[in-house]
Visitor: 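Right, I'll just put the structure down here and ask away after.
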Amino acid sequence: MEDQFIIHGPEPTTFLEGKTLGNVFYNALLKQQHLPVAMVNVHSKETISYEEILTYSSQLAQSLYNWGLSTNDVIAICSENSERYCIPVLSGFYTGIAVTLLNNNYTERELSNITELAEPTIIFCSLNTLNKILFLKNKYDFIKKIIVLNDNSEVLNVDSLKNFIDNNCDKDFNAKLFQPTPLNSDEQTALIMCSSGTTGVPKAVELTHTNVRIRLIHSQDTNFTPIFPFSASVLQLMPMYHALGLSMTLSYILSGYRIVIMEKFEPHLFLDSIQTYKIIYTILVPPLFIFLTKNPIVLNYDLSSLKYIGSGGAPLKKELCEATIAKFESITIMQGYGLTECTSAVIISQLTKSKLGSIGNVGPLVTAKVINPETGKTLGPNEIGELCFKGATVMKGYVKNSKATEEIIDKDGWLHSGDVGYFDEDRDFFIVDRLKDLIKYKGFQVSPSELEQVLLEHSSIQDVGIVSVADEIAGELPAACVVVRPEKQITENEVKDFVTDKVSYPKYLRGGVYFVNSIPKNNTGKIDRKELKKMFEALRS
Ligand code: M24
């Protein structure tokens, strides 16, 4: 009876040529090698063609093998968005070497957490991240080599991508005759991504070739994605270390678009890039919709080329959708909802029937249900509960953390998202709340328990609980409730500075610091987050 409320996504409109990701991309790049420009970096103005991507990625794949890596080894990338970011990613796909994506804004402390889990042998970095990666290499024996992606000359005795290829690739190598390694796509790890999951502690999400392939199938599906001709211009601003940014970039490569890359948001450059490159499609986080609708500088630019904007990573309010459509009449907004543990978006707006305020419909090859989190009972239309997902986009698991894997994926294969929502009679989904231990600042993950661990290292802090404060622009801000040790003193600024030194900028205590007498705990000694929130609301009012 309950099974009627289990929702299966539709059959995809297109399947892909090639079973492994290596085949899928290698075949696409061969077909697209005549296209003039694959990527433009708006900051450096560097460009790369599809033929160059094909050549460098296959040369690098062979160089990695010749250097001594093989299927099941791990490499990492720690770089801001760049036209070369995807070269090691594609080489990994061709060879079965897993690729770990490290957040380029992470501090050395945060990078250490994920590096210890993934144990990469080689790290590809940029000149901007080189010092942090040198720190990691000194700390961990398993890191044998650093390669700088975005420079052709050797710096600090570290190889550049070009040197590494020159020294390791066969001289008579012909990229057009290269063959990706046959792999078992359902088992083979393609990517290792960082997420705090539902319990807050940093984790390494292991995604298989099949997982990533499903996102690519979604990206070619005419019901869920606008399809443009080769060389249509799309803007890639979301960071490529994140599941959303990487999955969109890979989809764009597969489609043969001209991918206009931004390393970071700069208001004038963002608007100028849309105008200059005649951008037709981009994916943004909700705060940028506020910028587009409210900032007067937007009026100085011709944005008429922009026909589709995708939104994901955090809730986009109905009113903001309406304001965007009122300002840009010919724009279609595509909402999506995804999580790193499900590779990418599992719920996406359908092009023809998108309902404002809804996150969309279950995507192809994905199965969803809404359950009562207390009883596990499957709920029907308009009943609010926890969203659960099953199917080929659900991750293989967390690296070296079977306990957390079992907590999030139940014995029947359902991934419990920790998000609260419902679907209506049209099977359009809506998000209303979050059960899990996660704050989203401008779409970036902030783990309350990770911040609590950091603050507990301060000698004046006896106990601490992190709460989320709603914010119109950022969505949510982390705030700290702090219990000071007897006989000790600490100011709000000292608490903030202590955090700022240790974590990346989305985790700064922008929501404030509040001094309290105690932190509510449940029977097992864990923070009672519901009570903490109540206590915090009372404090603020
Ligand atoms: P991760 N509304 C409310 N909360 C949302 C949300 C939404 N639309 N999307 C994500 N969240 C929150 O950092 C939930 O609490 C992502 O955010 C992520 C990863 C890959 C793809 O992961 C959720 O548990 C996407 C998001 C994505 N979103 O939209 C699209 N892709 C998309 C849109 C248009 O782990 C938590 O964030 C077209 C195509 C698309 F793919 C997960 O946080």
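No hydrogens, no waters, no symmetry mates; every other heavy atom, side chains included, goes into these values. Order of listing sets the numbers, starting from 1, for every ligand and every atom in it.
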Visitor: Starting from atom 11 (N) of ligand 1, locate the nearest protein heavy atom and write down its residue, its atom name and how far away it is, to 0.1 Å.
Guide: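 Atom 11 (N) of ligand 1 sits closest to the protein heavy atom Gly313 O, 3.5 Å.
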
Visitor: Where does Ala314 meet ligand 1, judged by heavy-atom distances below 4.0 Å: at the side chain, the backbone, both, or neither?
Guide: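 Looking at Ala314 and ligand 1, just backbone atoms fall under 4.0 Å.
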
Visitor: Please report the closest heavy-atom contact between Ile439 and Arg434, naming both atoms and the distance.
Guide: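 Heavy atoms of Ile439 and Arg434 come nearest at CA-NH1, 3.9 Å.
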
Visitor: For ligand 1, which atoms have a heavy atom of Ala243 less than 4.0 angstrom away?
Guide: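 Listed by number with element: 19 (C), 20 (C).
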
Visitor: If we only count heavy atoms from C-beta on, is the Val346 to Val362 side-chain gap below 4.5 Å?
Guide: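 A side-chain contact is absent here, since even the closest heavy-atom pair is not under 4.5 Å.
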
Visitor: May I ask which of Lys436, Arg215, His242 has a heavy atom nearer to atom 19 (C) of ligand 1 than the others do?
Guide: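 Result: the heavy atom closest to atom 19 (C) of ligand 1 is in His242.
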
Visitor: Please find the pair of heavy atoms, one from Asn361 and one from Asp426, that lie closest to each other, and give the distance.
Guide: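 Taking every non-hydrogen atom into account, ND2-O, 4.0 Å.
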
Visitor: Just verifying a value: how many Å separate Leu415 CG and Ile409 CD1, rounded to the nearest 0.5 Å?
Guide: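 Those atoms lie 5.5 Å apart.
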
Visitor: Where is the nearest protein heavy atom to atom 41 (F) of ligand 1: which residue, which atom, and how far?
Guide: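 It is Ala345 CB, 3.2 Å.
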
Visitor: Relative to atom 8 (N) of ligand 1, which among Gly443, Ser417, Gly418, Gly336 owns the nearest non-hydrogen atom?
Guide: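 That would be Gly336.
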
Visitor: Per the side chain to side chain donor-acceptor pair (under 3.5 Å) rule, which among Glu206, Lys203, Lys403, Glu341 passes with Tyr398?
Guide: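 For Tyr398, the side chain to side chain donor-acceptor pair (under 3.5 Å) check succeeds only for Glu341.
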
Visitor: Does Ser311 come within less than 4.0 angstrom of ligand 1, counting non-hydrogen atoms of the residue?
Guide: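 Checking ligand 1 against Ser311, which is what was asked, there is a heavy-atom contact under 4.0 Å.
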
Visitor: Looking only at protein heavy atoms, which one is nearest to atom 16 (C) of ligand 1, and what is the separation?
Guide: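 For atom 16 (C) of ligand 1, the nearest protein heavy atom comes out as Gly338 O, 3.4 Å.
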
Visitor: I'd like to check which ligand 1 atoms, numbered from 1 as shown, lie under 4.0 Å from a non-hydrogen atom of Gln445.
Guide: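 This gives 1 (P), 13 (O), 35 (O), 43 (O) as the contact atoms.
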
Visitor: Using only heavy-atom distances, determine whether the side chains of Tyr422 and Asn382 contain a donor-acceptor pair under 3.5 Å.
Guide: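 Result is no, nothing qualifies.
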
Visitor: Taking only heavy atoms of Ile283 into account, list the atoms of ligand 1 that are under 4.0 Å away from them.
Guide: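 Reading through ligand 1 atom by atom, the close ones are 33 (C), 34 (C), 38 (C), 39 (C).
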
Visitor: What atoms of ligand 1 come closer than 4.0 angstrom to any heavy atom of Gly312?
Guide: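 Those of ligand 1 that fall under 4.0 Å from Gly312 are 28 (N), 29 (O).
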
Visitor: Which of the numbered atoms in ligand 1 are under 4.0 angstrom from any heavy atom belonging to Thr340?
Guide: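 Matching atoms, with element in brackets: 1 (P), 13 (O), 22 (O), 35 (O).
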
Visitor: What is the distance from atom OG of Ser126 to atom CD of Glu263, rounded to the nearest 0.5 Å?
Guide: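 It comes to 8.0 Å.
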
Visitor: Nearest 0.5 Å, what's the OH-CD distance between Tyr257 and Gln32?
Guide: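 Answer for the OH-CD pair, Tyr257 versus Gln32, is 10.0 Å.
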
Visitor: Please write down residue, atom name and distance for the protein heavy atom closest to atom 31 (N) of ligand 1.
Guide: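 Of the protein heavy atoms, Leu244 CD1, 3.1 Å lies nearest.
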
Visitor: Using a strict cut-off of 4.0 Å, indicate which atoms of ligand 1 neighbour a heavy atom of Arg434.
Guide: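 Numbered from 1, ligand 1 contributes 15 (O).
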
Visitor: Tell me, please: is His218 in heavy-atom contact with ligand 1, that is, under 4.0 Å?
Guide: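 The answer is no, since His218 has no heavy atom less than 4.0 Å from ligand 1.
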
Visitor: List the atom of Cys78, the atom of Asn104, and the distance in Å for their closest heavy-atom pair.
Guide: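 What the structure gives for the nearest pair is SG-CA, 3.8 Å.
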
Visitor: Give me the ring orientation class for Phe423 and Phe429: parallel if the planes are under 30° apart, tilted from 30 to 60°, perpendicular past 60°.
Guide: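 It falls in the tilted class, 30° to 60°.
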
Visitor: Would Asp419 count as a polar contact of ligand 1, with the cut-off being nitrogen or oxygen pairs under 3.5 Å?
Guide: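 By distance alone, the answer is yes.
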
Visitor: Checking salt bridge (Lys or Arg N to Asp or Glu O under 4.0 Å) against Glu452, which of Lys507, Lys526, Arg529 comes through?
Guide: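 Single salt bridge (Lys or Arg N to Asp or Glu O under 4.0 Å) partner of Glu452 among Lys507, Lys526, Arg529: Arg529.
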
Visitor: For ligand 1, indicate whether the residue Ile359 contacts it via side chain, backbone, both or neither (heavy-atom separation under 4.0 Å).
Guide: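 Near ligand 1, Ile359 shows its side chain, while the N, CA, C and O stay back.
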
Visitor: Quick check: Lys440 and ligand 1, any N/O pair under 3.5 Å apart?
Guide: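 The answer is yes, given that Lys440 and ligand 1 share an N or O pair closer than 3.5 Å.
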
Visitor: Could you tell me which atoms of ligand 1, counted from 1 in the order shown, lie closer than 4.0 angstrom to a heavy atom of Pro315?
Guide: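 Near Pro315, the atoms of ligand 1 are 2 (N), 3 (C), 4 (N).
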
Visitor: Compare every heavy atom of Asn105 with every heavy atom of Asn103, then report the nearest pair and how far apart it is.
Guide: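 Smallest interatomic distance, heavy atoms only, reads OD1-N, 2.8 Å.
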
Visitor: Give the atoms of ligand 1, by number and element, whose distance to some non-hydrogen atom of Met334 is under 4.0 Å.
Guide: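 With Met334 as reference, the close atoms of ligand 1 come out as 34 (C).
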
